[in-house]
Amino acid sequence: MIENIMTKNWGYQISQTRKINLDEVDLTIAQKILDMEPTFRLCISCGGCTATCTAGSFTDFNIRRVNLMIRRGQLDGLYEQLNHCMLCGKCHLVCPHGVNTRKVILLMKQLLSEYESHRQINKEEKNV
Amino acid sequence: MSNKKIVVIGGGPGGLETANALARLGYSVEVLEKEEVLGGHIRHWYKLFPNLKDADEVIDFLKERAKNPNITISMGEAMSEMTKNGNTFEIKTSKGRDITADVVIAATGFEAFKAERKEEFGYSVYNNVFTSVEIEEMLRSKGTVTTREGKVPQTVAIVHCVGSRDEKVGNFYCSRVCCICGVKQAIEIRKLLPDSQVFNYYMDMRMTGQYFEELYRESQEKWGVHYIRGRVSEASQTIDGMIQIKAEDTLLAKPVIKKVDMLILMVAIEASPSTAQIAKQFDIEYDYGFIRSRDRHNEDQYTPVDGMFAVGTAKGPQTLKETLADARATAEQVAEYLKTSSNE
Amino acid sequence: MNQIEGKQKIWAEYQKEIGDDNFFFVRSCIRQSFFPGSEQTFLKIMREYLGKRVIEDYRHTTCTGIGYHSDIVKLPTIETVVARHFSLMAENGCENYVPSCVTSFGIYSEILDTWEHFPDEKERIAQFLKEATGRTLATPKNLAHTSDIIYKFRNEIAAKAKFKLVNKKTGQPLKVVEHIGCHYSKMFAKRSQGGQEFPHVLVGMIEAWGGEVIDYPERRHCCGFGFRQYLVMANRGYSVANSYKKFESMEPYHPDFIVANCPGCAMFMDKWQYTIGSMEGRTFDQEGKGIPVLTYEEMAGLVLGIDPWELGMQMHQIPVETLLDKMGVDYDPDKKFLGFNDEQLPKPPEIVFQRD
């Protein structure tokens with residue numbers, strides 16, 4: 001007797017890893033921003049930008065974290081977060097390392113919107 | 001000027017420069033150096049932070065200054081035993097010589113932390129795990145950095161605080177020089193291997209010296225060195241001989257994993273066996289085996305033992321710059337001590 | 001510099017004292033169901049092959065470790081249960097305490113350490129023991145896990161070996177993944193053989209019996225057993241994910257089998273392969289049958305030439321025949337599911353891990 005056990009319902013699923021595998025993540029957007037706005041390299045994650053951020057006080061937008069997420073290739077959901085930014089420029093003003101945060105945000109929006117639309121197209125192609 | 005016998009134990013930068021300065025003040029000094037060469041640890045070093053000067057330049061300078069009729073250097077001769085007898089010190093050397101000294105200067109220095117004690121990093125088990133000291137030696141002898149198999153590395157990770165700030169090895173203290181050394185080695189690797197990627201895994205970047213912060217900034221701006229705030233928890237070898245490391249990116253609050261061709265451990269500064277021996281025997285141990293000075297601010301070159309001085313890393317982690325300044329201060333304090341005691 | 005020399009230096013730092021004879025043996029709760037032949041094999045090896053005196057006492061109970069780790073049993077309760085076990089040992093005239101379970105071993109180690117550092121607590125538990133059972137508290141002279149004992153006598157076993165951990169056809173050593181229960185060495189490295197980063201307890205056996213140890217990147221990772229984790233169905237997802245991660249990491253090395261020294265690890269590494277196969281239609285070996293998972297007693301038993309069905313290997317989720325064939329072990333497939341008195345037991349269906 002042979003039993004195919006693929007049909008079993010286990011009542012739980014194998015958890016997906018939370019680990020970021022730095023050898024597998026997509027760093028093309030990070031690299032583009034680093035090339036187009038070299039001050040992006042100078043961020044030391046002090047959080048001054050987030051502390052002063054207009055949007056950060058009222059939404060989950062955290063510009064320090066967003067910068068780091070890009071550099072670790074964690075792109076999902078970032079575009080929506082960036083929509084909270086009011087582009088007021090206070091973050092640029094306070095940055096002790098002279099990171100042109102406003103420019104970085106604009107670059108991120110541009111590059112992430114391309115990334116999101118690619119994802120959308122891929123999804124639709126799959127569905128077809 | 002004085003017929004007092006002055007003995008410096010240790011011919012590293014601290015000991016040599018103390019002798020040099022004393023000689024220039026007119027005192028005769030004998031330097032005991034256990035190795036057959038002068039210069040201490042620094043002679044293994046390639047370049048010095050923060051300005052990437054050749055380490056040899058400093059050694060040559062010190063050795064040139066030591067060519068002085070007031071200085072006797074006894075090479076390959078270590079202090080084996082030392083006791084205090086009234087106002088003098090009785091030193092037995094490894095060559096069986098007995099020296100009676102009025103003033104002893106402990107320039108017995110440090111020893112690099114033995115990286116195999118942090119078993120989780122796999123040093124001495126996995127081929128491509130190195131210590132910061134080995135990297136200096138490699139740069140010095142080969143002029144470049146390769147894996148143990150001789151391959152050019154694509155990815156290199158530098159682990160900070162190996163043996164420092166770590167209760168598990170009994171060292172609560174910060175070794176002070178490793179942060180900047182990690183920055184320096186990252187830049188050196190990026191300069192030599194433009195296609196490589198270098199990652200520093202750190203708990204805090206402590207840029208305490210002049211121009212250290214600038215070098216850190218340069219490493220990011222000019223050399224694209226990556227920094228991940230988080231301590232590496234373990235290293236393992238992969239099937240293709242790479243080293244897999246696990247850490248948390250604490251600024252992102254997420255675990256990260258990465259494979260690298262080389263893992264470099266920034267090893268701590270620990271008291272050398274001679275330093276610990278003197279500290280223990282004369283009951284002047286600061287924690288961790290280093291020698292305690294009489295007063296951290298006012299009498300930092302004196303030890304609590306009358307007639308005994310301590311210089312450089314025998315007292316705890318110091319940069320080379322600090323040790324050289326300490327050496328010159330020690331010479332001045334010894335001169336002051338001799339003047340005062342001979343007037344009595 | 002090579003791996004072995006580096007590891008040998010570390011192993012030298014963690015040389016554990018292990019008793020030589022007169023052992024008081026205590027069983028595990030779950031092993032008797034999942035690997036029912038293993039404890040019997042331990043006794044057989046100790047008594048018949050090595051001529052050692054091993055005492056068991058029917059009054060021994062669970063250590064309540066599962067309840068303790070699931071927040072059901074409180075610390076003073078488990079301490080008192082353990083105190084009773086120790087007094088049973090003393091009543092039997094033994095000083096060498098040998099638990100078969102790594103969870104229990106961890107519990108015993110932790111409690112002995114607690115009593116060492118907090119004598120008042122020991123006094124309090126002695127009082128509880130007296131009041132509850134009328135017994136007097138004793139502590140073992142030596143605490144060693146059963147895998148420590150087999151480790152200690154690995155060379156004596158090698159001398160009596162009928163089979164080696166070698167592929168009979170190719171003459172190559174079998175590639176073995178060793179997995180150490182967390183509570184064997186992670187809590188008290190000094191109470192382990194070889195330390196926590198490179199434990200030697202199973203490596204020593206494998207190498208003494210001719211096998212080759214695989215050092216794969218996730219070697220030190222927990223199997224994901226936990227207690228609350230697998231007990232609650234909703235939590236099992238990350239329990240299984242931990243084993244999954246290990247399987248993926250060992251897969252490229254093509255291990256011939258896995259050996260574990262912990263009841264939970266052996267059970268889950270065996271059974272999770274079935275679960276993963278069922279959920280994702282994949283195994284981590286080349287033939288699509290799964291990687292056999294052995295206890296160290298089963299491994300020792302095979303080396304000594306004991307019949308695999310006597311060792312209880314028919315109870316494995318992942319069939320062991322691939323391994324038996326490689327070792328050249330003589331076994332009768334028709335006898336796999338014969339019970340005592342050669343009575344035919346129901347045969348489980350053969351399993352395929354494939355999507356329709």
Side-chain angles (χ1 to χ4, degrees), chain A residues 15-51 53 56 60-78 81 91 95-101 103-104 108, chain B residues 153-157 179 183 186-187 190 195 197-207 212-230 232-236 238-240 242-261 263:
Chain A
S15 306
Q16 293 307 302
T17 184
R18 280 188 71 246
K19 232 177 207 90
I20 301 173
N21 188 329
L22 294 174
D23 301 318
E24 287 172 6
V25 290
D26 181 1
L27 296 175
T28 44
I29 292 187
Q31 199 51 54
K32 273 184 191 162
I33 300 172
L34 288 168
D35 292 342
M36 291 159 90
E37 184 44 57
T39 62
F40 187 45
R41 298 168 171 218
L42 289 168
C43 176
I44 52 164
S45 283
C46 71
C49 49
T50 303
C53 177
D60 61 0
F61 176 61
N62 179 330
I63 171 165
R64 173 195 66 78
R65 198 161 194 276
V66 167
N67 284 349
L68 203 55
M69 296 277 272
I70 291 267
R71 293 200 67 172
R72 303 283 179 259
Q74 306 298 296
L75 307 180
D76 290 351
L78 282 193
Q81 278 202 41
C91 51
C95 178
H97 270 206
V99 179
N100 189 343
T101 46
K103 171 89 176 291
V104 169
M108 278 184 197
Chain B
Q154 297 288 308
T155 49
V156 178
C179 280
V183 170
I187 292 177
R190 290 283 297 125
D195 294 331
Q197 295 226 323
V198 183
F199 295 80
N200 270 285
Y201 286 78
Y202 68 98
M203 299 204 283
D204 294 291
M205 291 303 290
R206 296 182 160 176
M207 297 295 128
F212 288 11
E213 182 66 23
E214 285 86 336
L215 196 68
Y216 173 29
R217 190 180 166 109
E218 182 189 319
S219 76
Q220 294 179 299
E221 192 168 29
K222 200 166 164 193
W223 305 106
V225 175
H226 301 278
Y227 288 86
I228 296 178
R229 186 175 181 277
V232 171
S233 68
E234 66 176 44
S236 340
T238 66
I239 196 161
D240 43 7
M242 292 176 82
I243 304 295
Q244 175 189 287
I245 48 175
K246 292 179 180 176
E248 187 199 7
D249 187 329
T250 58
L251 298 168
L252 211 51
K254 274 198 166 186
V256 289
I257 191 163
K258 177 151 190 68
K259 289 199 287 182
V260 293
D261 297 312
L263 187 68

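By convention in this document, chain letters (A, B, ...) are assigned in the order of the sequence lines, proteins followed by strands, and residues within each chain are numbered from 1. The shown structure was predicted, so the numbers you read here are calculated from the model rather than taken from an experiment.
Within the 4.5 angstrom heavy-atom criterion, no atom of E218(B) approaches chain A. Contacts of E24(A) with chain B are absent, with no heavy-atom separation under 4.5 Å from either backbone or side chain.
Interface summary for chain A: among I228(B), V225(B), T155(B), the most heavy-atom pairs under 4.5 angstrom belong to I228(B).
T250(B) and E248(B) share no donor-acceptor pair across their side chains, judged by distance under 3.5 Å alone.
Using a cut-off of 4.0 Å between Lys/Arg side-chain N and Asp/Glu carboxylate O, D249(B) and R72(A) are scored as salt-bridged. Ion pairing of D23(A) with K259(B) is absent here, as no side-chain N (NZ or NE/NH1/NH2) approaches a carboxylate O to less than 4.0 Å.
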Residues 199-207 of chain B, side-chain donor-acceptor partners within the protein, below 3.5 Å, at least two apart:
unit_1, atom_1, unit_2, atom_2, d
N200(B), OD1, H160(B), NE2, 2.5
D204(B), OD2, R165(B), NH1, 3.2
D204(B), OD2, R165(B), NH2, 2.8

